[in-house]
There are 2 protein chains.
Amino acid sequence: MNERRKFRREGEERRRQDLIDATLGSVAEHGLEGASLRTIALRAGVTAGLIRHYFPGKEDLLQEAYAALMGRMTEQAKAALLMENASPRQRLAAFVTANLNAPIIDARVFSLWATFIGRAGADPSLARAHREGYLGFRNEVEAVVAEVLAAEQRRPDANELRRHAIAINAIIDGLWIEGCLAAEMFSPGELAAIGVKAIEAELGLAPERGKDK
Amino acid sequence: MNERRKFRREGEERRRQDLIDATLGSVAEHGLEGASLRTIALRAGVTAGLIRHYFPGKEDLLQEAYAALMGRMTEQAKAALLMENASPRQRLAAFVTANLNAPIIDARVFSLWATFIGRAGADPSLARAHREGYLGFRNEVEAVVAEVLAAEQRRPDANELRRHAIAINAIIDGLWIEGCLAAEMFSPGELAAIGVKAIEAELGLAPERGKDK
DNA sequence: GGCCTTATTGTGCAAGTGTATAAATAGCTT
DNA sequence: AAGCTATTTATACACTTGCACAATAAGGCC
């Protein structure tokens with residue numbers, strides 16, 4: 001009468017990925033507290049015991065899940081900077097726009113980010129993971145800003161550059177949060193437009209004229 | 001041999017406040033997952049059973065704790081706006097400065113904010129609490145911005161005002177996060193200086209000259 | 001000072017937790 | 001087709017959790 005459940009063997013990479021995705025899904029829906037091994041396993045279509053076969057403990061699973069989340073976020077964010085043959089200013093605008101639209105503006109991703117980063121104060125390994133991600137991001141910003149200003153024949157010193165990068169980073173982060181928490185309060189593209197304008201004001205760039213030449 | 005624990009009766013308001021503080025402390029240190037009724041009670045110097053006497057359930061306690069946190073944050077933030085006989089521009093600068101220094105820049109407060117808001121996506125009552133707090137804050141900003149621009153003889157329309165408020169709010173939020181997460185990366189007052197400058201650029205205000213007249 | 005209210009403690013309980021480990025079977029190798 | 005191995009299931013265990021409730025004593029009231 002008691003039939004043992006049928007199952008399929010999956011490749012190791014695939015299973016690990018599925019478990020990590022299931023973990024992120026659980027955390028996004030019910031928070032860290034609601035993400036039990038059984039919940040996660042159920043979501044991954046697997047029994048709880050299997051998790052122990054791929055991860056030494058729950059802590060490790062959570063940590064890998066957070067790393068995966070950060071990786072995806074920064075990867076998507078930086079992708080917008082790779083445009084070839086575009087002016088620095090256009091690339092900066094594209095970067096900002098990419099960061100202030102889907103899929104980066106996303107309630108689920110924000111929920112995950114907030115949940116994990118709330119523990120950064122207590123968990124040093126999470127704090128370090130964040131610090132690295134943040135500095136990498138800011139350095140990217142600083143590099144583009146340097147190019148933009150150079151194209152305008154301006155020679156900012158290191159300190160000025162740093163302050164611009166901090167401010168621009170803040171603008172993007174702040175608008176990102178507003179967008180994630182209350183997407184329906186903004187019309188499509190509105191946040192990106194506000195962001196680009198604010199950043200150009202910060203850099204003292206003349207307002208864009210219609211395409212000439 | 002088994003002596004029952006001695007205790008003191010406290011006023012109702014006092015006990016509720018203590019329990020709420022203990023809750024915030026627990027959540028800040030160990031996250032929502034680590035904030036059990038027993039942990040909270042221990043921190044408040046009380047037995048777990050007592051919590052049920054003041055709060056119908058854990059959910060209610062958490063909700064009241066979040067409301068208390070938000071209340072304190074916005075209260076402190078708005079206090080800076082109450083300066084009498086100061087120019088609008090000075091009041092705006094004071095507001096920004098107040099928001100980008102201790103006690104509002106604080107790792108513990110940030111941890112709490114992030115932990116709770118991470119659940120806003122799943123918990124509608126938390127989401128609403130946030131929405132109200134955010135809109136109240138932004139309206140304050142919008143009001144000051146209107147005064148500042150009026151003092152400069154400028155007549156922005158409602159939409160322009162709204163966009164300025166959104167951008168300024170983002171700048172403050174973004175710098176707040178940076179400061180909370182990595183306070184040691186910034187010299188004292190640096191974030192506030194960056195914030196004031198960025199906001200004045202956003203509003204198109206001429207850089208401040210030394211006091212004349 | 002004795003009494004009465006109720007704030008507070010202590011204990012119990014069912015459900016759920018992470019971890020450990022034994023038993024089974026899927027799918028490759030030969 | 002049989003056998004092996006390691007992926008997967010299933011069960012057990014000690015512990016914690018939120019909640020319920022009976023027992024107790026603190027402190028104001030007469």
Side-chain angles (χ1 to χ4, degrees), chain A residues 1-27 29-66 115 119 122-123 125, chain B residues 1-27 29-66 115 119 122-123 125:
Chain A
M1 182 144 46
N2 258 340
E3 292 252 350
R4 187 171 253 252
R5 175 174 171 177
K6 298 281 189 277
F7 61 91
R8 266 186 51 207
R9 292 187 167 197
E10 295 283 356
E12 159 156 2
E13 248 354 279
R14 170 68 187 274
R15 264 282 133 85
R16 292 179 67 88
Q17 205 51 58
D18 282 353
L19 286 172
I20 286 179
D21 285 341
T23 303
L24 291 178
S26 283
V27 173
E29 262 188 38
H30 310 103
L32 273 174
E33 35 164 359
S36 73
L37 290 182
R38 286 167 178 83
T39 307
I40 294 170
L42 183 67
R43 181 181 280 256
V46 149
T47 347
L50 185 59
I51 295 183
R52 273 280 285 170
H53 194 257
Y54 288 100
F55 301 92
K58 191 190 182 186
E59 211 56 39
D60 305 79
L61 172 58
L62 285 176
Q63 200 148 318
E64 289 209 30
Y66 179 60
T115 302
R119 286 193 24 163
D123 186 332
S125 71
Chain B
M1 180 139 50
N2 258 342
E3 291 254 350
R4 187 170 251 251
R5 176 175 170 177
K6 297 281 188 278
F7 60 92
R8 268 187 47 207
R9 291 187 168 198
E10 295 283 357
E12 160 155 4
E13 249 354 278
R14 170 68 187 274
R15 264 284 133 84
R16 293 180 67 89
Q17 204 52 58
D18 283 353
L19 286 173
I20 286 179
D21 286 340
T23 303
L24 291 177
S26 283
V27 173
E29 262 187 38
H30 311 101
L32 272 176
E33 34 164 0
S36 71
L37 290 182
R38 287 167 176 82
T39 307
I40 294 170
L42 183 67
R43 183 182 278 256
V46 149
T47 340
L50 185 59
I51 295 183
R52 271 280 283 166
H53 194 256
Y54 288 100
F55 301 91
K58 192 191 182 185
E59 212 58 39
D60 306 79
L61 173 57
L62 285 176
Q63 199 150 318
E64 289 209 30
Y66 180 60
T115 302
R119 285 193 24 163
D123 187 333
S125 69

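The figures that follow rest on heavy atoms only: side chains count, while hydrogens, waters and symmetry mates do not. Chain A is the first sequence line, chain B the second, and so forth, proteins listed ahead of strands; every chain is numbered from 1. Just so it is clear, the structure is predicted and the values come from calculations on it, not from any experiment.
The distance from atom CG of B/L42 to atom P of C/dG10 is 12 Å, rounded to the nearest whole Å. B/R5 has its CZ atom 13 Å from the P atom of D/dA26, to the nearest Å. When rounded to the nearest whole Å, the span between CD of A/E59 and C1' of C/dT19 equals 14 Å. Remark: P of C/dA7 and CD of B/E12 are 7 Å apart, rounded to the nearest angstrom. Computed from coordinates, the B/F55 CZ to D/dC19 C1' distance equals 16 Å when rounded to whole Å. Rounded to a whole Å, the CD atom of A/E10 is 19 Å from the P atom of C/dT25. The NZ-P distance, from B/K6 to D/dA26, rounds to 6 Å in whole Å. Spacing between atom CZ of B/R52 and atom C1' of C/dT9 amounts to 15 Å, rounded to whole angstrom units.
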Could you pull out the protein-nucleic contacts involving nucleotides 27-30 of chain D (nitrogen or oxygen on both sides, under 3.5 Å)?
unit_1	atom_1	unit_2	atom_2	d
D/dG27	OP1	B/R9	N	3.4

Please tabulate, one pair per line, each protein N/O and nucleotide N/O from nucleotides 14-18 of chain D that are separated by under 3.5 Å, including the distance.
unit_1	atom_1	unit_2	atom_2	d
D/dT17	OP1	B/S36	OG	3.2
D/dG18	OP1	B/K58	NZ	2.4
D/dG18	OP2	B/L37	N	2.7
D/dG18	N7	B/R38	NH1	2.8
D/dG18	O6	B/R38	NH2	2.9

Practice task
Verify side-chain contact (heavy atoms from CB on, under 4.5 Å) between A/R15 and A/L50, making sure each step is shown before the conclusion.
Solution key: CA-CA 10 Å; A/R15 264 282 133 85; A/L50 185 59; 3.9 Å; yes

Handout entry: Test log, rule side-chain contact (heavy atoms from CB on, under 4.5 Å), inputs A/V46 and A/D18
Key = CA-CA 10 Å; A/V46 149; A/D18 282 353; over 6 Å; no

Exercise for the section: Take A/F55 and A/L37 through the side-chain contact (heavy atoms from CB on, under 4.5 Å) test and state the conclusion after the steps. Expected result: CA-CA 11 Å; A/F55 301 92; A/L37 290 182; over 6 Å; no

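Looking at every heavy atom in both residues, B/R43 comes nearest to B/A22 through CD-O, 3.3 Å. Closest of all the heavy-atom pairs between B/A65 and B/T23 is CB-CG2, 4.0 Å. Closest non-hydrogen pair, B/Y54 versus B/E10, comes out as OH-O, 4.4 Å. A/E33 approaches B/L32 most closely through the heavy-atom pair OE2-CD1, 3.9 Å. Across B/G45 and B/R5, no two heavy atoms sit closer than the pair O-NH2, 3.3 Å.
Side-chain atoms of B/T39 never come within 3.5 Å of backbone atoms of B/A35 as a donor-acceptor pair (strictly under, hydrogens ignored).
The shortest distance between the side-chain N/O atoms of B/H53 and the OP1/OP2 oxygens of C/dA7 is below 4.0 Å. Contact annotation: A/Y54 side-chain N/O to D/dT7 OP1/OP2 distance is not under 4.0 Å. Of the side-chain N and O atoms in A/R4, none sit less than 4.0 angstrom from OP1 or OP2 of D/dT8.
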